[in-house]
Amino acid sequence: MGSVDADGYLYLADRKTDMLLVGGANVYPAEIEAAIEEHPAVHSAVVIGLPDDDLGTVPHALVHAPARPVGDDELREHLADRLVRYKIPRSFEPVDEPLRDDAGKVRRTALRDERAGRTGAESPPD
């Protein structure tokens, strides 16, 4: 998924399979991850979609902040000026291990399935 500007430059936003449908709106995890990673204490972030009875899918952020813990309220305040409200993750999960493999890839499906299984919900289709 991407766009072309007036000068013909192509900008890639994210993969279509990673796109979340939140209450009928298209949400790209890469945009949310970039905004979270602007926080000075955050090393990396990965956003996945978790099933929700009302909205279909809601963003959930896994946050790797090895320097110091970053609270949910602090992250929400940080994101309030950077993202529209429906793109702000409903939940944040601190993690101790790096979120990407040696090649820089994220295994979103595995991360989502682990979390969806924890809540007893079915994982949404890719």
Side-chain angles (χ1 to χ4, degrees):
M1 304 293 295
S3 62
V4 177
D5 70 7
D7 296 325
Y9 288 98
L10 173 65
Y11 295 92
L12 297 177
D14 214 340
R15 293 179 175 169
K16 186 174 180 178
T17 59
D18 291 342
M19 183 184 70
L20 308 176
L21 191 59
V22 180
N26 295 340
V27 175
Y28 297 96
E31 177 186 6
I32 301 169
E33 292 164 0
I36 293 171
E37 290 172 358
E38 289 178 4
H39 189 286
V42 174
H43 181 264
S44 65
V46 171
V47 174
I48 58 173
L50 293 181
D52 182 79
D53 290 337
D54 293 329
L55 299 174
T57 305
V58 293
H60 172 76
L62 291 86
V63 180
H64 183 224
R68 70 171 177 87
V70 182
D72 294 5
D73 291 337
E74 183 178 352
L75 286 169
R76 281 189 186 92
E77 184 177 321
H78 170 77
L79 294 173
D81 295 334
R82 291 168 172 81
L83 298 171
V84 294
R85 188 173 161 166
Y86 66 89
K87 292 182 180 181
I88 295 175
R90 303 311 186 271
S91 53
F92 298 90
E93 179 181 341
V95 296
D96 295 326
E97 68 280 349
L99 295 164
R100 288 171 169 72
D101 63 17
D102 292 338
K105 302 286 185 187
V106 175
R107 304 294 176 218
R108 285 185 208 281
T109 302
L111 293 170
R112 183 183 61 226
D113 289 348
E114 287 173 15
R115 273 87 191 156
R118 220 186 276 163
T119 63
E122 295 271 334
S123 70
D126 280 336

Would you say P89 and L79 make side-chain contact, with heavy atoms under 4.5 Å?
yes
> Would you find a donor on one side and an acceptor on the other, under 3.5 Å apart, between the side chain of R76 and the backbone of G71?
Replying inline: no
Counting neighbours of CD on E77 that are heavy atoms of other residues, nucleotides or ligands and sit closer than 6.0 Å, is the number greater than 12?
no
For G49 and T57 the tightest heavy-atom approach is CA-CG2, 3.4 Å
Show your reasoning for whether side-chain contact (heavy atoms from CB on, under 4.5 Å) applies to V63 and V95.
CA-CA 6 Å; V63 180; V95 296; 6.0 Å; no
So salt bridge (charged side-chain N to carboxylate O under 4.0 Å, His left out) across residues 44-59, not counting sequence neighbours, yields none
Tightest non-hydrogen contact, residues P59 and I32, listed as CB-CD1, 4.2 Å
For V46 and E33 the tightest heavy-atom approach is CA-OE2, 3.4 Å
*Does a side-chain heavy-atom distance below 4.5 Å link I36 with V47?*
yes
Here the pair of heavy atoms bringing R108 nearest to P29 is NH1-CB, 3.7 Å
TODO: Check whether more than 12 heavy atoms from other residues, nucleotides or ligands sit under 6.0 Å from atom CZ of R68, and answer yes or no.
DONE: yes
When rounded to the nearest 0.5 Å, the distance separating CG of D113 from CZ of R115 is 10.5 Å
Residues pairing under ring pair (Phe, Tyr, Trp, His ring centres under 6.0 Å) where one sits in residues 59-94, two or more places apart or in two chains, turn out to be H39-H78, H43-H64
Check your understanding: Does atom CG of D96 have more than 12 heavy-atom neighbours, drawn from other residues, nucleotides or ligands, at distances under 6.0 Å?
Key -> no
Residues at least two apart in sequence or cross-chain that pass salt bridge (Lys or Arg N to Asp or Glu O under 4.0 Å) with R82, listed by chain then number, are E38
query = Taking side chain as C-beta onward, heavy atoms only, is V22 less than 4.5 Å from R90?
reply = yes
CD of E93 to CD1 of I48, rounded to nearest 0.5 Å, is 7.0 Å
